[in-house]
Protein chains: 2
Amino acid sequence: MKRNSRLSSTLHILVHMAEKPEQALTSEQLATFIHTNPVVVRRTIAGLRDAGIVTSSRGHGGGWLLGRAPEKISLAEISVALGETLLPFSTEPESPGCLVEQAVIAVLDDFRIAAERLLAEKLRSITLADLTADFRRRFDLIGVSSHAV
Amino acid sequence: MKRNSRLSSTLHILVHMAEKPEQALTSEQLATFIHTNPVVVRRTIAGLRDAGIVTSSRGHGGGWLLGRAPEKISLAEISVALGETLLPFSTEPESPGCLVEQAVIAVLDDFRIAAERLLAEKLRSITLADLTADFRRRFDLIGVSSHAV
DNA sequence: TCAATCGTAACTAAGTAAGTTACATGAAAC
DNA sequence: GTTTCATGTAACTTACTTAGTTACGATTGA
């Protein structure tokens, strides 16, 4: 798994889980999807379990399942559960007392708050079901084209 | 200078430059504002020079000046000139050929494009002049309050 | 009881960005 | 023209972050 690809890797995993709703998938299986190893998977999606997006069970036949229907899982929740930040820049003071810095941070924080609200809104409107629908569309297309050939 | 604070540090520097429009400031001076060293400053704002946001001159009396009026310098330009990314997640394929990944990336890229457009729009509407205005407001407030005490 | 599976701590490796040193280049002052 | 002050930039070092790995305990079903 590459750096900065935690969101897309996790979505990848979740779509696979959505496609096998009744079958618990092991960390091992999930890891192969995103070319990494089981411990990294567990660590990465541990937050999703805490958020109820997935459930895990131990022992024989154990593994991971979606915690609720794909329609009820938004990218916003997933992003938060992963602990991802939506904006990559910091606004922490480094020169307390400097009025120039205070002005910069104030303006930047206003921007950040407005921007994060906008992004979160957009992410709330996209669900895991949208992703699986897109996947199935692609899958059917391939089916048709390979049938034609 | 902390990690991920290139944007705010650069803005800090630019406001100082805007406050002394006719005086070339050296990398050394700029470095003290953001608690780092001159080479880091040069490296960081080299892109701003290429973009015409600042100019630099060498030799005795040399240093850095704004390339144009603060009203004509937007945060969007600055962000681009710094080479900053607006969104922190990657959507590069890691499993070429996997339809699930393709669906995830397609949806995520749609989101990214829309989000970047929105953010860029917001950043275009904020200029360096807005930052200096905010700074002066704070400066005057302090002046009044310390006068009152 | 055994095998499969997650949970998690501890360590290693790789990548990124800031910090530092060194020196070449250019411009002004004398 | 020589000296001084400044940027430009390459090369290296250091610090930090995060993925990868190993190890092992806890839990569950056969």
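Within every chain, numbering begins at 1; the chains are lettered A, B, ... in the order of the sequence lines, protein sequences first and strands thereafter.
Between A/Asp140 and A/Arg136 there is no salt bridge, since no side-chain nitrogen of the basic residue lies less than 4.0 Å from a carboxylate oxygen of the acidic one.
A side-chain donor-acceptor contact under 3.5 Å links A/Arg6 to the backbone of A/Leu82. Judged by distance alone, with hydrogens and angles left aside, the side-chain atoms of B/Glu101 form a donor-acceptor pair with the main-chain N or O of B/Glu94 at under 3.5 Å. Side chain of A/Ser74 to backbone of A/Glu77: a donor-acceptor contact under 3.5 angstrom is found. Distance alone, capped at 3.5 Å, is enough to place a donor-acceptor pair between the A/Arg112 side chain and the A/Phe89 backbone.
The residue B/Gly59 sits close to a base: some heavy atom pair falls under 4.0 Å. Within 4.0 Å (heavy atoms only), B/Thr44 reaches no atom of the nucleic acid at all.
What separates CG of A/Asn37 from C1' of C/dT12 is a distance of 13 Å, to the nearest Å. Residue B/Glu92 contributes atom CD, which lies 14 Å from atom P of C/dG15 at whole-angstrom precision. The distance between atom CD of A/Gln29 and atom C1' of C/dC6, rounded to the nearest whole Å, is 14 Å. Taking atom CD1 of residue A/Ile45 and atom C1' of nucleotide D/dT18, one finds them 18 Å apart after rounding to whole Å. If you take CZ of A/Arg6 and P of D/dT17, they are 14 Å apart, rounded to a whole angstrom. Whole-Å rounding puts the B/Arg49 CZ to C/dG26 P distance at 14 Å. For the pair B/Asn4 CG and D/dA15 C1', the interatomic distance rounds to 14 Å; values are reported in whole Å. Going from atom CH2 of B/Trp64 over to atom C1' of C/dA27 covers 16 Å, rounded to whole Å.
The 5' end of DNA chain D is approached more closely, in terms of each residue's nearest nucleotide, by A/Val40 than by the other of A/Ser57 and A/Val40. The residue among A/Gly62 and A/Val39 whose nearest nucleotide of DNA chain C is located toward the 5' end is A/Gly62.
The A/Met1 side chain lies nearest to D/dG20 when the options are D/dG20, C/dC6, D/dA6. Distances from the side chain of A/His60 to the nucleotides D/dA19, D/dA6, D/dA30 place D/dA30 closest.
Residue A/Thr36 places none of its side-chain N or O atoms closer than 4.0 Å to OP1 or OP2 of D/dA19. Between A/Thr26 and C/dA4 there is no side-chain polar atom (N or O) within less than 4.0 angstrom of OP1 or OP2.
Between the side chain of B/Arg42 and the base of D/dT7 there is no donor-acceptor pair of N/O atoms closer than 3.5 Å. Remark: the A/Arg43 side chain and the D/dT21 base include a donor-acceptor N/O pair separated by less than 3.5 Å. For B/Arg58 and D/dT7, a side-chain-to-base donor-acceptor distance below 3.5 Å is present, hydrogens and geometry of angles not being considered.
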